[in-house]
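All values reported here derive from a predicted model rather than from experimental measurement.
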Amino acid sequence: MSTVEFDSSLLGTKDHWDQRYSDELAHFYDSGLEGEVWFGEEPVVKMVEWASKHVPSTARPNVLDVGMGNGHLLFAMVEAGYDASGLTGIDYSQGSVDLSTAIAKQRDEDGDEERTYADVTFAVCDFLDPESPISPPRAESTSDGVWDLVLDKGTFDAISLMDKDARGVAPLDKYVPRVAGLLRPGGHFLITSCNFTEDELTQKVATQGSGLEYKGSIPYKKFTFGGKSGSSYATVAFQKQSASLG
């Protein structure tokens, strides 16, 4: 296991994100601006390109975005040809759901009939609470073991900044087991982080008990500082072992 830990931060609190999305929703209604794209556009483009190659839209996959923010990544999936009815975004902030829903409605009003952003499902869910439900996709009767692709762009980072609970357990320790439980055998988990390197993410996700295997990473432009080389982001893909391998 990686020993990387971060001090708790305001970015790891629900109050911060509730206020942020409340402000962004007000700005959206005033100006039509959809809000900040977390990490910028490059990781979004690269994640959608990776998904198009490994979990193509033609397969009509069930896709879950954990901590969808303003929904931008899922909207990019719709633009890439994914069936919106198979896309779900969850966030523990009601403000995130309200913002994403408002943006989807406006995009449909401004766009053409080929894309239906409002068919994307947005719902409140405390991902770290196993009792917090996730709506089953399409005709599925459960949300466990039915997702073909789980996405994360910055949520893992935010969770790493949360306080430990009364027993000293880091919230991040609850994250990987839930991801693994949601994926169907052979399903993929694609994560982008600015706090963790590729090796650190692999150590945290591809553990012996998770059933998730490292499948590769997405390259970014590297920079050198102080004699060390690195990238601003790390995007890493994992796959859930099939039943025959588990």
Side-chain angles (χ1 to χ4, degrees), residues 1-8 12 39 43 46-47 50-51 53-55 59 61-67 73 88 90 92 125-134 136-137 140 142-220 228-231 233-246:
M1 290 291 292
S2 170
T3 58
V4 175
E5 292 188 5
F6 297 94
D7 292 333
S8 59
F39 299 166
K46 287 180 175 290
M47 291 178 78
W50 186 96
K53 180 178 179 180
H54 298 277
V55 191
N62 297 323
V63 180
L64 178 68
D65 186 8
V66 179
L73 179 56
T88 297
I90 56 172
Y92 72 169
C125 173
D126 181 353
F127 190 72
L128 300 181
D129 180 359
E131 300 302 319
S132 187
I134 299 174
E140 301 287 354
T142 178
S143 63
D144 293 329
V146 297
W147 299 94
D148 300 289
L149 176 63
V150 173
L151 302 169
D152 180 314
K153 183 171 64 70
T155 300
F156 193 82
D157 290 356
I159 292 173
S160 73
L161 301 175
M162 290 181 175
D163 288 320
K164 294 181 179 180
D165 65 20
R167 297 174 297 168
V169 177
L172 207 58
D173 293 343
K174 306 174 186 178
Y175 181 95
V176 173
R178 187 147 203 209
V179 168
L182 292 169
L183 285 170
R184 70 169 76 250
H188 291 85
F189 173 46
L190 184 65
I191 178 173
T192 295
S193 169
C194 69
N195 285 354
F196 298 90
T197 66
E198 177 181 346
D199 288 343
E200 290 165 350
L201 286 171
T202 301
Q203 290 172 17
K204 284 187 172 292
V205 175
T207 64
Q208 185 173 3
S210 73
L212 299 177
E213 296 180 324
Y214 171 84
K215 296 302 292 185
S217 63
I218 296 176
Y220 291 92
K228 294 185 178 181
S229 179
S231 302
Y233 318 107
T235 299
V236 188
F238 302 90
Q239 186 173 28
K240 186 173 181 177
Q241 295 176 344
S242 65
S244 61
L245 296 177

S.K.: Supply the atom-to-atom distance I90 CD1 to S132 OG, rounded to the nearest 0.5 angstrom.
M.R.: 7.5 Å
S.K.: Below 30° counts as parallel, above 60° as perpendicular, anything between as tilted: where do the rings of F156 and F196 land?
M.R.: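 F156 and F196: perpendicular rings.
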S.K.: Give a yes or no answer on whether the side chain of K240 reaches the backbone of G187 with a donor-acceptor pair at less than 3.5 Å.
M.R.: no
S.K.: Supply the atom-to-atom distance I191 CD1 to M47 CE, rounded to the nearest 0.5 angstrom.
M.R.: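 Here the interatomic distance stands at 8.0 Å.
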S.K.: Looking at K153 and P43, what are the two nearest heavy atoms and their distance?
M.R.: CD-CB, 4.4 Å
S.K.: Minimum heavy-atom separation for S193 and L201, please, with both atom names.
M.R.: CB-CD1, 4.0 Å
S.K.: Is the side chain of E140 donor-acceptor paired with the backbone N or O of P137 at a distance under 3.5 Å, no angle test?
M.R.: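 A pair under 3.5 Å: no.
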S.K.: If you take all heavy atoms of L128 and K174, which pair is closest and at what distance?
M.R.: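 Taking every non-hydrogen atom into account, O-CD, 3.8 Å.
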S.K.: Is it the case that Y220 and T235 place a side-chain donor and acceptor less than 3.5 Å from each other?
M.R.: yes
S.K.: Kindly give the heavy-atom pair with the smallest separation between P130 and R178, and that separation in Å.
M.R.: O-NH2, 4.0 Å
S.K.: How long is the span from the CG atom in L212 to the OG1 atom in T202, to the nearest 0.5 Å?
M.R.: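 One gets 11.0 Å once the value is rounded to the nearest 0.5 Å.
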S.K.: For residues Y233 and K46, determine if any side-chain heavy atom of one lies less than 4.5 Å from a side-chain heavy atom of the other.
M.R.: no
S.K.: Just say parallel, tilted or perpendicular for the rings of Y214 and F238, cut-offs at 30° and 60°.
M.R.: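 Perpendicular.
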S.K.: Quick one: are V55 and W50 in side-chain contact, heavy atoms under 4.5 Å?
M.R.: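 With C-beta onward as the side chain, the pair touches.
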S.K.: So how far is it from L182 CG to N62 CG, rounded to the nearest 0.5 Å?
M.R.: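 L182 CG to N62 CG: 11.5 Å, rounded to 0.5 Å.
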S.K.: Could you tell me which non-hydrogen atom of E198 sits nearest to which non-hydrogen atom of S217, and how far apart they are?
M.R.: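 Between these two residues, the closest heavy atoms are OE1-OG, 3.1 Å.
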S.K.: Find the distance between CD (E213) and OG (S242) and round it off to the nearest 0.5 Å.
M.R.: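 Going from the CD atom of E213 to the OG atom of S242 covers 8.5 Å.
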S.K.: Which distance, rounded to the nearest 0.5 Å, do you find between the CG of L64 and the CG of L183?
M.R.: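 With rounding to 0.5 Å, CG (L64) is 9.0 Å from CG (L183).
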S.K.: Looking only at heavy atoms, what is the nearest atom pair of S160 and N195, with distance?
M.R.: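 So the two residues come closest at OG-ND2, 3.7 Å.
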S.K.: Is a side-chain donor or acceptor of D152 paired with a backbone partner of G154 at a separation under 3.5 angstrom?
M.R.: yes
S.K.: Using a 4.5 Å cut-off on heavy atoms from C-beta on, say whether the side chain of P136 contacts that of V146.
M.R.: no
S.K.: Can the ring centres of Y92 and F127 be said to be less than 6.0 Å apart?
M.R.: no
S.K.: Check the pair D148, R184 against side chain to side chain contact (heavy atoms under 4.5 Å, CB included), reporting the backbone distance first and the verdict last.
M.R.: CA-CA 6 Å; D148 300 289; R184 70 169 76 250; 2.7 Å; yes
